[in-house]
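Data block below; observations after.
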Amino acid sequence: MAKLNIDKQEAEFLGKTIRNWEDNGLIDKLTSEKLQSSYEVKGFDWRRLAQYSFWVALACGMIAIASLIIDDAVLKWLEKLYDTPDILISIISAILASLLFLEGNKRKKKYPERVFSNESIIFFGILLTASSIAFLGKTFDNGKGHFSILFLLSVLVYAALAWKFSSHLIWAFALVSLGSWFGTETGYQTDWSFYFLGMNYPLRFVLFGISLVLFSFLMLRFSKLNIFRELTYIIGLLYLFISLWLLSIFGNFGSLEDWLQIKQIELFYWGMISLLFSIGFTIYGIRFRDHIAREFGISFLLINLYSRYFEYLWDITDKTIFFGIMALSFWLIGRKAEKIWNLEFLKK
């Protein structure tokens with residue numbers, strides 16, 4: 001039987017619990033020893049190191065490409081390619097992207113343990129797909145500036161590729177492209193004015209985030225979409241909470257000039273709405289053991305509290321008293337959460 005791999009804190013708690021059971025006669029010594037030997041403490045997190053290393057490698061690779069492009073010799077070479085038809089660049093990008101996707105999928109099947117190196121290949125395929133769509137758009141550009149269609153095309157292409165290769169990374173780009181389409185399309189429909197149906201951009205994306213979160217629950221009814229359900233839920237919550245936070249700062253103002261003319265206290269109700277969402281998701285997460293909702297709720301509760309403090313109280317509140325109250329409050333929350341976690345752990 002494979003041993004349970006847990007971190008040091010969990011191992012200490014579990015060991016203490018088993019000894020307590022033995023001391024109170026709930027289990028005998030032999031059972032205690034079996035339980036003690038059924039788990040082991042995690043070693044160094046090599047998986048996370050690999051993940052961060054590939055992220056850094058991708059970032060450095062993109063910087064290297066950017067540095068290469070601004071090199072004089074390369075610029076002269078690019079000038080010679082200036083007359084290359086956009087459609088040809090689009091086709092070449094599409095072919096290269098296809099090869100990378102096929103190679104990435106092949107490596108996923110052959111070397112499933114090499115998660116990050118496989119995903120890095122797919123990532124460059126995604127970039128080339130974006131390049132292909134962009135140059136395709138330039139080919140058929142009619143001068144109307146309706147480039148949101150390109151984002152919609154990206155959504156369809158990325159969604160199809162994600163479905164084909166069961167790739168969470170490509171699905172994430174599909175959702176990002178969907179958000180880009182929503183923002184640009186609503187802007188285009190209003191001739192790039194500040195408001196769409198009376199809503200500025202943060203307020204629009206609050207509704208967009210809510211729609212995406214609701215769609216993630218609807219995905220539970222479709223077995224073929226279940227693999228993307230959690231990622232859709234997370235990205236939907238990101239759209240929702242970041243938009244709520246921006247709304248709490250800027251309100252439903254479309255221009256910086258209008259926002260600068262009002263006092264921040266006049267936007268207090270937007271801050272309260274953002275706080276209520278954070279508290280609501282925190283309670284929902286704890287009540288229904290939804291760790292994603294709980295962590296989003298707690299994280300943005302903290303962000304909102306600090307944002308409101310810097311907006312309203314920074315100049316008039318003693319810093320020691322404020323942070324002392326904050327420390328005590330979150331210590332009490334942490335203590336309560338620890339008790340809940342201990343009870344849940346013992347139930348398992």
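A 4.5 Å side-chain heavy-atom check between T184 and W192 finds at least one atom pair inside the cut-off. Between F124 and L96 the shortest side-chain heavy-atom distance does not fall below 4.5 Å. For the pair Q36/R19, a side-chain contact is recorded, criterion being any heavy-atom separation below 4.5 Å from C-beta on. Contact of the E230 side chain with the I234 side chain is registered, since non-hydrogen atoms from C-beta on lie closer than 4.5 Å. Using a 4.5 Å heavy-atom cutoff, the side chains of I122 and L100 are not in contact.
Taking NZ from K34 and CD1 from I18, the interatomic distance works out to 13.5 Å, rounded to the nearest 0.5 Å. Note that CD of E22 and CG of L30 are 10.0 Å apart. Values are rounded to the nearest 0.5 Å. In this structure, the separation between CZ on F182 and CG on L207 is 6.5 Å, given to the nearest 0.5 Å. Rounding to the nearest 0.5 Å gives a distance of 6.5 Å between CG of L178 and CG of L212. A distance of 8.0 Å separates CG in L152 from CD in E185, rounded to the nearest 0.5 Å. Rounding to the nearest 0.5 angstrom, the gap separating the CG atom in L237 from the OG atom in S299 is 11.0 Å.
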Taking it one step at a time, do S248 and N304 satisfy side-chain contact (heavy atoms from CB on, under 4.5 Å)? CA-CA 8 Å; S248 73; N304 275 290; 3.8 Å; yes
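Of the candidates F241, Y233, F296, F300, F241 is the only one forming a ring-ring contact (aromatic ring centres under 6.0 Å, His included) with F281.
Taking the six-membered ring for Trp and thresholds of 30 and 60 degrees, F101 and F165 have nearly parallel ring planes, at less than 30 degrees apart. Taking the six-membered ring for Trp and thresholds of 30 and 60 degrees, W171 and F228 have nearly parallel ring planes, at less than 30 degrees apart.
The nearest pair of heavy atoms linking N200 to Y195 is N-CD2, 3.7 Å. Taking each heavy atom of M219 and N226 in turn, the nearest pair found is O-OD1, 3.2 Å. Between S154 and S177, the closest heavy-atom pair is CB-OG, 3.8 Å. Between L231 and L175, the shortest heavy-atom contact is O-CD1, 4.4 Å. Here the shortest heavy-atom pairing between N252 and G198 reads ND2-O, 2.9 Å. Residues G179 and F205 approach most closely at O-CZ, 3.3 Å, considering heavy atoms.
No single ILVMFWY cluster, assembled from side-chain heavy atoms under 4.5 Å apart, contains both L156 and I235. Criterion: ILVMFWY side-chain heavy atoms under 4.5 Å apart, direct or through other members. Under it, I149 and V157 are not part of a common hydrophobic cluster. Transitive grouping of hydrophobic side chains (ILVMFWY, heavy atoms separated by less than 4.5 Å) keeps L276 and V213 in distinct clusters.
Residues D28 and T31 have side chains that bring a donor and an acceptor to within less than 3.5 angstrom of each other. Side-chain atoms of S216 and T232 include no donor-acceptor pair closer than 3.5 Å.
Geometrically, R204 engages Y201 in a cation-pi contact, judged by NZ or CZ lying under 6.0 Å from the ring centre and within 45° of the ring axis. For R229 and F222, the positive end is not near the middle of the six-membered ring at less than 6.0 Å and at most 45° from its axis.
Checking side-chain atoms of H168 against main-chain N and O of A162 turns up no donor-acceptor pair under 3.5 Å. In this structure, the side chain of T190 engages the main chain of T186 through a donor-acceptor pair within 3.5 Å. Remark: the backbone N or O of S274 is paired with a side-chain donor or acceptor of S278 at under 3.5 angstrom. Of the possible donor and acceptor atoms, none in the side chain of N24 sits under 3.5 Å from a partner among the backbone N and O of L26.
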